[in-house]
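Written below as structure tokens is the structure these notes are about.
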Amino acid sequence: SRFLRSPGRRAGAFRRSSPAGCRPRRARSGSGGVTAPRGRRRRGISAQGSRGTDDSRFFAMAEKTYAADKAENLWGNSKVFCGGRFVSGPDGRSAIATTLMVAVPSVVWQVVVGSWFVERYGFIFALFGGVLSCASLGLLLATAFSDPGIMLRQQDYTEQYDPLSGVNRTKQPSRYYDVVLRGHATKLKYCVTCNIYRPPRCTHCSVCENCVERFDHHCPWIGNCVGKRNYWLFFSFVTCTGTLNAYSLATAAALLTIRGQELSEPGLKLSTTGAFVETMRQEPFTVALAIYCTLLVWFTVGLCMYHSYLIATNQTTYEQIKGLYSNGNNPFHRGSIAGNYEDILCAPIRPRFFNGQTGQLEWPMNSMEAMRRKAVVKSEASRACAPSGSPPRDVP
């Protein structure tokens with residue numbers, strides 16, 4: 001195993017993580033292998049019987065260390081939940097603050113502004129605000145705990161067997177690999193962390209330590225990367241949040257305006273300034289909500305417009321900041337704005353490259369592996385349907 005092939009690094013990790021009682025004792029001169037602790041020898045337990053216990057503990061700790069190292073190599077710094085079904089970045093706790101920034105003003109709006117509109121004009125305004133709030137929160141959580149398109153890692157080049165030379169590789173592959181993509185010369189960069197040639201538009205995230213397919217950016221507000229598999233969720237979240245922010249600001253401003261006009265009627269003997277001050281005194285939560293929405297509306301609506309521009313030009317945030325296609329030669333442009341929107345938002349989402357729970361390759365699958373899996377499924381089905389006592393069939 002890899003644990004035994006690299007004794008220096010693994011043994012150090014084992015010594016740091018294992019408790020004192022699980023560390024194997026040094027053998028005395030003239031004795032073979034690991035000796036038993038003193039307490040056990042005093043109780044009459046032989047060293048040979050204790051040796052098997054210490055060895056089993058040693059290999060159990062070795063398996064745990066190897067499993068932890070495999071999970072780390074599979075996910076990088078990302079955190080996984082429910083057996084790999086949900087993925088978030090190392091800064092996933094920032095999504096909690098973002099959730100509160102959306103949920104708390106939404107509740108205040110429903111209690112203060114929404115109820116006022118229900119009394120005056122019906123429930124349609126409150127219903128529309130509630131739908132926007134639920135959609136924004138749901139899309140936020142879906143984006144924060146979704147797989148952005150993490151690429152499957154490979155072993156280190158020193159651990160890979162080269163069939164041409166008949167030995168393990170001793171030299172790192174070339175840094176760049178030139179290909180022609182839709183008539184445009186493109187360089188595929190070799191990632192020394194993931195040990196793969198990155199596909200086009202794939203970038204290594206320095207926060208999550210993963211290569212992400214069609215990497216857009218690492219969003220600090222949701223604590224996760226935005227890539228090919230969850231970009232449509234992120235854009236939907238930004239769109240709903242911007243619409244909710246503008247809608248809350250407009251309705252809060254309308255409430256203050258209507259209340260100010262009612263207080264400035266001739267019978268109440270209040271000037272325009274006095275009516276404005278009286279409105280702010282009677283509606284403090286509405287004023288606070290309007291100020292909060294005013295401070296954020298430029299960011300949420302501006303972010304929605306910025307990503308709409310990126311989709312219209314079929315670029316990612318990373319590509320636009322780097323200016324990779326500033327000369328107009330974008331090999332991924334579909335020729336029209338509608339084609340670009342269909343390519344990014346409406347294209348079917350491929351499944352994961354690997355199983356998040358077992359780490360096995362799932363897509364793309366070669367023909368031999370597909371045939372083997374079909375044979376296994378067929379054999380299990382035949383065993384389930386076969387009467388009791390019949391001999392099982394062999395699986396190729």
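All values below were derived from every heavy atom in this structure, side-chain atoms included, with hydrogens, water molecules and symmetry-related copies excluded.
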Contacts satisfying ring pair (Phe, Tyr, Trp, His ring centres under 6.0 Å) that involve residues 96-143 (not counting sequence neighbours) are Trp109-Tyr247, Phe117-Tyr121, Phe117-Phe125, Phe128-Tyr247
Excluding Phe332, membership of its hydrophobic cluster (Ile, Leu, Val, Met, Phe, Trp, Tyr; side-chain heavy atoms within less than 4.5 Å) reads Leu181, Leu324, Tyr325
- Message: Taking Gly227's backbone N and O only, do any of them form a donor-acceptor pair with Arg214's side chain (distance below 3.5 Å, no angle check)?
- Response: no
More than 12 heavy atoms of other residues, nucleotides or ligands under 6.0 Å from CZ of Phe285: yes or no? no
Besides Tyr176, the hydrophobic cluster formed by Ile, Leu, Val, Met, Phe, Trp and Tyr side chains linked at under 4.5 Å, directly or via other members, contains none
Is the closest basic N to carboxylate O distance between Arg201 and Glu319 below 4.0 Å? yes
Can you tell me if Arg93 has over 12 outside heavy atoms packed within less than 6.0 Å of its CZ? no
Those residues at least two apart in sequence (or on a different chain) that pass side chain to side chain contact (heavy atoms under 4.5 Å, CB included) with Ser115 are none
For Tyr309, the ring-ring contact (aromatic ring centres under 6.0 Å, His included) test, sequence neighbours excluded, returns none
Applying ring-ring contact (aromatic ring centres under 6.0 Å, His included) to His218 and not counting sequence neighbours gives none
For Glu213, is there an ion pair with Arg350 - N to carboxylate O distance below 4.0 angstrom? yes
Any side-chain donor near an acceptor of the partner, Thr143 and Asn230, under 3.5 Å: no
Those residues at least two apart in sequence (or on a different chain) that pass ring-ring contact (aromatic ring centres under 6.0 Å, His included) with His333 are none
Shortest non-hydrogen pair, Thr313 vs Asn330, comes out as O-ND2, 3.2 Å
Taken to the nearest 0.5 Å, the spacing of Trp221 CH2 from Ser94 OG works out to 9.0 Å
4.5 Å side-chain heavy-atom contact, Val112 and Leu289: no
Requested in this report: For the pair Val87 and Arg352, evaluate side chain to side chain contact (heavy atoms under 4.5 Å, CB included) and give the outcome as yes or no after the intermediate values.
Outcome: CA-CA 12 Å; Val87 185; Arg352 290 180 177 178; 3.8 Å; yes
Salt bridge (Lys or Arg N to Asp or Glu O under 4.0 Å) filter on Lys189, not counting sequence neighbours, yields none
Quick check on the hydrophobic clustering: are Val226 and Ile349 connected, directly or via other members, by side-chain heavy-atom contacts under 4.5 Å? yes
Note: with side-chain heavy atoms under 4.5 Å as the link, the other cluster members for Val207 come out as none
Point to revise | Cluster check Tyr341, Leu139: I/L/V/M/F/W/Y, side chain < 4.5 angstrom | key: yes
Interatomic distance, CG@Asn210 vs SG@Cys194, rounded to 0.5 Å, equals 6.0 Å
Taken to the nearest 0.5 Å, the spacing of Ser106 OG from Leu132 CG works out to 9.0 Å
With sequence neighbours left out, the residues meeting side chain to side chain contact (heavy atoms under 4.5 Å, CB included) with Thr317 are Asp216, His217, Tyr306, His307, Leu310, Ile321
Original post:
Are more than 12 heavy atoms from other residues, nucleotides or ligands located less than 6.0 Å from atom CD of Gln282?
Top reply: yes
(request) Would you check if Gln320 and Tyr318 make a side-chain contact, meaning some heavy-atom pair closer than 4.5 Å? (result) no
Next on the checklist: Are Val238 and Trp298 linked, directly or through intermediate hydrophobic residues, by side-chain heavy-atom contacts shorter than 4.5 Å (ILVMFWY only)?
Outcome noted: yes
### Task
For Asn224 and Ser146, test the side chains for any donor-to-acceptor distance below 3.5 angstrom and give the result as yes or no.
no
CG (Asp91) and CD1 (Ile222) are apart, to the nearest 0.5 Å, by 9.5 Å
In this structure, CG of Leu140 is separated from CD1 of Ile96 (nearest 0.5 Å) by 11.0 Å
The ring-ring contact (aromatic ring centres under 6.0 Å, His included) partners of Tyr177 (sequence neighbours excluded) come to Tyr197
When rounded to the nearest 0.5 Å, the distance separating CG of Leu141 from CG of Leu233 is 11.0 Å
By side chain to side chain contact (heavy atoms under 4.5 Å, CB included), Gln172 pairs with (sequence neighbours left out) Tyr157, Tyr190, Val192
### Message
Between Leu249 and Thr294, does the side chain to side chain contact (heavy atoms under 4.5 Å, CB included) criterion hold? Intermediate values first, please.
### Response
CA-CA 7 Å; Leu249 177 60; Thr294 304; 3.3 Å; yes
request  = Spell out, yes or no, whether Leu255 and Ile124 are grouped together once hydrophobic residues are joined by side-chain heavy atoms under 4.5 Å, including indirect joins.
outcome  = yes
- Query: Side-chain donor-acceptor pair under 3.5 Å between Thr300 and Thr241, yes or no?
  - Reply: no
| Would Thr286 and Arg259 satisfy side chain to side chain contact (heavy atoms under 4.5 Å, CB included), going step by step from the backbone distance to the final call? | CA-CA 11 Å; Thr286 306; Arg259 290 287 296 163; over 6 Å; no
